[in-house]
Amino acid sequence: MQGRKIFKGKVVGEALVTGEDISFYGGCDPETGEIIEKGHHLEGKSIAGKILVFPSGKGSTVGSYVLYALKKAEKAPLAIVNKIMDPVVAVGCIISEIPAVDQIEIERITTGQKIEVDADNGVVTPID
Amino acid sequence: MVLELTPEERAMLEGRHGKATRKAMEIITALGEIYGAKRLIPVSSVQIAGVSYDNLGEAGLEYLSEMAEDGQTRVLTTLNPAGMDMVEWKKHGISEDFAENQQRVVDAFEKMGVVTTCTCTPYLIGNLPHFGEHIAWAESSAVCFANSVIGACTNREGGPSALAAALTGVTAEYGLHLEENRVAQVKYKVQTELKETNDFGFLGQVIGNRTGKAIPYIVGVKKATTEQLKSFSASVATYGGVAIFHMEGITPNRTTIPDKTEVVTEEDLKRAKMELDDEEADIDFISIGCPHASIKEIAEIASMLKGRKVTEGKTVWITTAKPTKDLAIKMGYYNQIEQAGAYLVADACCAVAPLKGRFKGLMTDSAKACFYARGKNKFKTEIRTVEDCIKEAVS
């Protein structure tokens, strides 16, 4: 799948997919990587070490710093794949150096699937 | 890539001006690409938000410290409120731990050459752009004031993107930097007289709630003081998604006048007030100065408090910028306020100070303050005129 590079990097990992937007500030524990927003599709799940696939970001601009905190705590997602990148998430990925790609048809990816994110070229490829 | 960079901008992106500048340029070019900007443009002024340690946390502080290793501002840059008065924090009940961390945040900014004013009203204390000037400001109320009342051009920046503009001296040309995105979309006819400053807060709340992302063109407001426009800017930006408004006969931007018209009545303003008045609010905290109080407002409050005493069990914060506080000290207003048992608090405000759990009910004249008191601090709220707030304090 061809998308657009937001921040560079190339990784292979397991996808964690949701159809709901994510607010990192107040919606994700910066120390554990667990989604804590009440009623969120991923509530209780950890995004640490996963290729996190979701439509877009939402919420406060402080969210960028939460991604940075996750990186420092070694609980950051391996990469981020979005349908439409929101500036808060984009800035978060840049300051935390998390590979990120957007303009991807995320409906074609399922949780647990092994995928490769080649952010340099904006390409996402299912491995199996 | 559509975004074209000058050789100087490319050098920054390639790291030839150091690590922090590179990171800053990465942020700016990424935002430029996301929003389809064709080029970067110089900015002459920056206002950074995300200063209170209560919001930043350890991770935010770590990021700032890293940027401060070799980052230096290229344009006039000022700061949003911190979580405490940087001098008199102790008597306001702020913990040693918090104070230490807050000081580290401010030190990191200062190392980068930021003028560490800590106020949401930079335009009152020396960071005042002129009409048509391109700037990069965070702080939604100041953004709205700068775009609308001054006629400068800025998007609604976040903390890291505003810092990035400060370190590179540029921003991507999209959004409100382009004339075509500043045009009014809905006309609001105000059919009631606005008297007190908090009436302007209610008007901002009504229009903000209704307009969403559509730029308002407001008619029927006969006159407004700077303080009232500051209050309106804060409220409309808190309750709505807009960062610019037009007010006929008052704001300087040129625009076409939209056909779509909505009416704002006295009833609407009353309902807005009722929405901010919680039943059974047990008021133990009174705070005025959201956005930060001007010297004129402080003078008025000082004369209301002169010779009075704040009731036991109540805490009163009048929040302002440090240079304004210094002026208030010189003029004797500070003594009048503090001798009454109220505090004139510089650098901080009731929305970003670590106050959760300290109070039960807030009385204020600010619609914006109510929003954050309820959401972040879980206080009940009541909104009154400044005069009634002071009456409550000394009753």
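Here the structure is a predicted model, which means the values were calculated and not measured.
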Minimum heavy-atom distance [X]-[Y], with the two atoms named:
X: B:Ala30; Y: A:Ile6; result: CB-O, 4.5 Å
X: B:Gly60; Y: A:Tyr65; result: CA-CD2, 3.7 Å
X: A:Ile94; Y: B:Lys23; result: O-NZ, 2.9 Å

*Considering residues, nucleotides and ligands other than A:Glu43, do more than 12 of their heavy atoms fall under 6.0 Å from its CD?*
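It does: A:Glu43 CD has more than 12 such atoms within range.
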*Would the number of heavy atoms belonging to other residues, nucleotides or ligands and lying under 6.0 Å from CD of A:Glu74 be above 12?*
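No, because the 6.0 Å sphere around CD of A:Glu74 holds 12 heavy atoms or fewer from other groups.
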_Let's test your reading of the structure: which of B:Pro160, B:Gly50, B:Ala138, B:Gly57 forms the most heavy-atom pairs below 4.5 Å with chain A?_
B:Pro160
Non-hydrogen atoms of chain A under 4.5 Å away: do they reach the side chain of [X], the backbone, both or neither?
X: B:Glu62; answer: both
X: B:Leu31; answer: side chain
X: B:Ile28; answer: neither

*Distance, nearest 0.5 Å, that separates CD1 of B:Ile27 from CD1 of A:Ile95*: 6.0 Å
_Close side-chain approach of B:Ile34 to A:Arg4, heavy-atom, < 4.5 Å_ =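 Yes - at least one pair of side-chain heavy atoms lies under 4.5 Å apart.
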*With side chain to side chain contact (heavy atoms under 4.5 Å, CB included) as the test, would you mind laying out the steps for B:Glu26 and A:Lys8 before giving the verdict?*
CA-CA 11 Å; B:Glu26 282 176 356; A:Lys8 63 180 187 272; 3.8 Å; yes
